[in-house]
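Below is one structure; the comments refer to it alone.
Proteins get letters first, then strands, A, B, ... in listed order; numbering begins at 1 in each.
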Amino acid sequence: MSEQTQTGELAAQAHAAHGDEHAQGHGHNVSYGTYFLVWLGLVALTAVTVTIAGIHLGSLTLITAMLIAAVKTTLVGYHFMHLKYDNVIIKVFVLVCLVIFLTFWILTFSDLSFR
Amino acid sequence: MTEHSEVMHQGESHGGAHVHRDDEGSKMAMWLFLFTELLLFGGLFLLYGAYRFEYADGFKVAAADMNSFIGAVNTIILLTSSLSVALSIAAMQRSQKKLALGMLWFTILCGIAFLINKYFEWSHEIHNGIYPGGPALENMSNGEVLYFGLYYVMTGLHGLHVIIGLIFISVIMVFISRDKITSTNFQKLENAGLYWHLVDVIWIFLFPLFYLLH
Amino acid sequence: MNPIVELVDNSFIFIVAISVLLLLGVTVAMIYFVFRYSEKNNPKPDQSITGSTTLEILWTVIPLILVLAMFFYGYEGFKEMRNIPPNAMLVKVTGKMWFWHFEYDNKKTSDTLLVLPQGKDVRFELMSADVNHSFYVPAFRVKEDCIPGRTNHMWFHTTNIGEFDIECAEYCGMNHSYMLGKVRVVPEKEYLEWVNRVDTVKKTDSLTAPTGTVPGTVKTDSIKTTQPKVDTTKTTGNKKDTLKVNPKDSLKKNK
Amino acid sequence: MANGSLANEVSYLEYQGKHKGIMGWLLSVDHKRIGLMYLMGIMIFFFVAMTLGVMMRLEMLTPGETIMKPQTYNSVFTLHGVIMVFLFIIPAIPAVFGNFMLPIQIGAKDVAFPRLNLFSWYLYMVGAILAIVSLFIGDGPADTGWTFYVPYSIRSAQNVSITTMAAFVLGFSSIVTGLNFVVTIHRLRAPGMTWFRMPLFVWGLYATSWIQVLATPVIGITLALIMLERFMGVGVFDPALGGDPILYQHLFWIYSHPAVYIMILPAMGVVSEILPTFSRKDIFGYKQIAISSLGIALIGYLVWGHHMFVSGMSDTSRIVFSLLTFLVAIPTGVKIFNWVATLYKASIKFSAPLYYVLGFIFIFSIGGLTGLVLGALATDIHVTDTYFVVAHFHYVMFGGMGIMFFATMHYWFPKVFGKMYNEKLAIVACTVIIIGFNTLYFPMFIMGYMGMPRRYYDYLPQFQGWHILSTVGSWILVSGIVFMFGNLFYALLKGPKASMNPWGGTTLEWKVPSPPPLENFDEIPIVTGGPYVHDKATYIMYPSKEGINANGGVKTVNQEAAL
Ligand code: HEA
Ligand code: HEA
Ligand code: CUA
Ligand SMILES: [Cu+2]
């Protein structure tokens, strides 16, 4: 059996696993403009956080800052990291990871905040 | 037998034309790796949250010392570098090799600028005696000591990730210039991008937590 | 009767009883099947059996009810442990490598030996001077860690006169296993006599200090003889000095 | 290419590639060779740690000094714990048998990232060497217990940093293996191998890998912080600088509780392989067993606080964690009941692997059920940090995973080495092990309830009787284990050749030669049915001979497999 056929089989094997994603998977040609827009949004949000931190909002400062950071993260993840175009499975992975991380927080704070 | 398996394995192979790659698998692995990074920092964020909760006042006092201007500049720098990485991938997809390389150069410059800023910031603090076991900490409350402990650990670890990211990107640039990465075969570039964006995301949280909350 | 001891023992018996039943059920069924359906006794397996939704539901729901009952019993006992009677007498306990230090309401202190009046609720404030310890009195079924930088609480009721072991249950270094002590429960009168005697009890003779009659034959020397001469510098030595202890917090960070 | 055909005629053991001799192993990226290299490393450290365990039992024979000083004892149980946990039980089944069998069972030629796989083995060795080095240099081995609780671990003058560093590196190795397995399972299943046609061992590994990926980094950073505190005095946990030792415990157990399911899930996977094989019958409740693995992994993330019931955690937290702890028992129970039900109306071939499995079900149930005593608040407060806990975790770790490791070695021995062992002797050894095991650890439950604290070098006289019984048990156990390994070792040298499928197993590894060839399959098989179907064939081993095109023929199943 030649090397060629061997590899051919592997191709078959892997193909079987992910069909024709090849074409769609990398098909997203996002325009440069979109990226610039996202970047502008991110910079604007940074400016907003800095200004808000300047005004004294008390306990709201923390919450707004974290909310804005979360929005920024979503922007980066969705556009720059191409989550928007990714397979469902990767989106599910990200969700699972975040949920588990969140439970670490909730359960740890079930201790701290009731001590 | 090594040569055998090299032929066999998609994700790891040299990407010769006849070899099948599994880009999707490679991306999946990268994401899983990012999760581990996220949880590595996650432990530290949890600590930060807990101590901030226990020592709210000390943290506020300590954060007031930070130069939020440098922090903001660094944030913009990293965001911009994230943009350039994303652009470089888009350029690669369009076979604009020069542009892709240029964008990566720009990213590296941003990374270095970020590190230089960090260097000045750290040396400023160290100069003022603020470092683990340093003289300035003696007169500080527990909250402030913890704040600076976490500050050094978290920004230090982040800095380390910036350096790793820079190395990662440099290697990718070599690949690009040797045409190992092309418009149809750019998963490695994409993975480097993912890593760099993660570094950015972590900074997006570090910045308000350490610089803005006074 | 001592309420905590009773609750702990009862929930233990409850959980163990259910467990033994389940264990027997599983084991007996398993062994019976292995013989009944051996190759010899049952040459042709029944391939049609691949699962049963009814059974799956049964063995999800029934165990769920059982474990919830277990949780509830455990919780009941716990509630009692945390429900510190408001007028309980207070003893401050400090764990140090490797002995126990007690301070009573009237500032009297003692080491290793804890003398308590019979029939009283006693509340303990648990602190540590160095590393984690755990104040454990098996006879009363209670323990709680002594963590440096904070104060933990625990209580029990002294029912019977006698001597009971105190052990350190959280690993704390070389002589962790020698960090022992005794609770001596005496009649109230005797306790008052003891606690109001002004001479601060010296570490070594604290075990023999009270004069009262102690019923039962407890070998007090088992502690004394096992307390060896130790070189404490080995474990605590060099590392500790390199770390600055912040004068502001020592033991009172707790809120 | 000549090599190509050669590769599939000789077994992976004999194959000579670019590198010969020892280098052919050390540089091999073949999953089977890497698995065997793991086996080597793991056996060595297992023996070291077992010897330490036996030394502890000797010390506990009499009160006071028997064979060692307190400081030595403390280091011995620390190393015993660290080696057993990080060097033996966590990597044992996944890294050895997972590596070996996972690709074969899903019909792949290797894992997704073979070189990463080898890298992970090197990391393992580096970690192992660090652990051993800590024994000999500087101020002596760590004496903190495997939990490294602060502030003692910051204060101790022993070599704590190197030991934590070892655990850190080993954690990294574990992450890499987990990551590799997740991608392998997602991407490299043979055509037709849908999720619910995967063998249950693969399901076990899948759940395990997720825990490895998502929990291990937390302990990585925690241990790194201990090193930073020791080296540079960064204040993070040190109470002298305002740190909170309880927070350390949270972070430690956030990893280390899920880690106990890293230990047991692969073992449970093997149980689900062995039972249908020797029952000659499909497993009972396949889907429930598969899903319960994920359930255990998931709930496993939510219960870590049960290790901290007396630490001074808030009352609310204790109640919440206690409640959640009990929920883990449910999916575990589902597994146990399904396993027992598998035996019903089967046609059971009694043999050594099955015997170990029966022993496992009995012993693990005891361990798990006593876990419920620990999960209940009132009782845990009494027995925590006593020998009751020591007994519990030896029942689940050694009696659960350890016994299953032995079972696995027997079950896949013919496949891995192509040799057969003496069945009768194996059964005798198993009997001795089960008797010795219970004599060794059951008295610990009793001592524990009487109030014998753990990590005690010395003890009060009332416990001596039980300690003696326990130590005698350890001798019985030692003889059983030595006997078992002797039997296997003899088979390795002199055993008769094993056939392709000595047990009548139905999963893919039994469809390839023993030992398997370098690339496992001549052709990637096509899967047409479940993994444990005994009365008809569910694999097409040579699709091309049957005229089926792997690409086109099974298109519909592929779509499902794409996930
Ligand atoms: C392989 C490892 C492993 C496994 C699988 C488990 C499984 C479980 N463990 Fe264990 N545990 C450890 C390893 C493990 N543990 C270790 C190493 C420690 C000590 C660490 C240290 O401090 O050094 C520890 C400590 C430990 C504690 C802390 C004790 C203390 O320090 O105070 C607790 C408390 O809740 C606990 C509970 C449980 C429970 C509820 C389960 C459950 O998952 C068990 C589920 C199983 C069953 C319930 C039995 C089978 C089911 C049936 C027969 C039918 C169904 C029955 C019912 C539903 C009632 N364990
Ligand atoms: C997989 C996990 C695993 C396994 C298999 C074991 C196996 C054993 N353990 Fe384990 N043990 C732990 C994990 C494990 N242990 C952990 C995590 C701890 C907690 C540590 C801590 O507190 O930090 C612990 C703690 C612990 C203690 C408590 C120490 C204390 O609290 O004071 C004891 C005490 O008896 C003990 C004993 C043993 C014994 C006798 C064995 C035996 O089963 C070993 C059997 C050995 C053999 C059967 C020998 C085989 C043959 C040879 C080695 C060859 C020939 C030998 C010579 C030439 C000498 N262990
Ligand atoms: Cu104090 Cu153990
Ligand atoms: Cu646990």
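Side-chain contact between A:Arg115 and D:Ile246 is present, with at least one heavy-atom pair separated by less than 4.5 Å. In this structure, A:Thr108 and D:Leu251 have side chains that are not in contact, with every pair of non-hydrogen atoms separated by 4.5 Å or more.
Under the 30°/60° scheme for interplanar angles, the aromatic rings of A:Phe104 and D:Trp304 are found to stand perpendicular.
At most 12 heavy atoms of other shown residues, nucleotides or ligands fall within 6.0 angstrom of atom CZ in A:Phe36.
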* **Stepwise side-chain contact (heavy atoms from CB on, under 4.5 Å) test for D:His186 and A:Asn87** => CA-CA 12 Å; D:His186 272 275; A:Asn87 229 321; over 6 Å; no
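Atom NE2 of D:His250 is separated from atom CZ of A:Phe109 by 10.0 Å, given to the nearest 0.5 angstrom. The CZ atom of A:Phe101 sits 9.0 Å away from the CD1 atom of D:Ile254 when rounded to the nearest 0.5 Å.
When A:Ile106, A:Val96, A:Val92, A:Ile100 are compared by the number of non-hydrogen pairs under 4.5 Å with chain D, A:Ile100 comes out ahead.
In this structure, no portion of D:Val213 lies under 4.5 Å from any heavy atom of chain A.
Taking all atoms of both residues into account, the shortest heavy-atom contact from D:Phe321 to A:Leu107 is CZ-CB, 3.7 Å. Of all heavy-atom pairs spanning A:Asp111 and D:Ser314, the tightest one is OD1-N, 2.9 Å.
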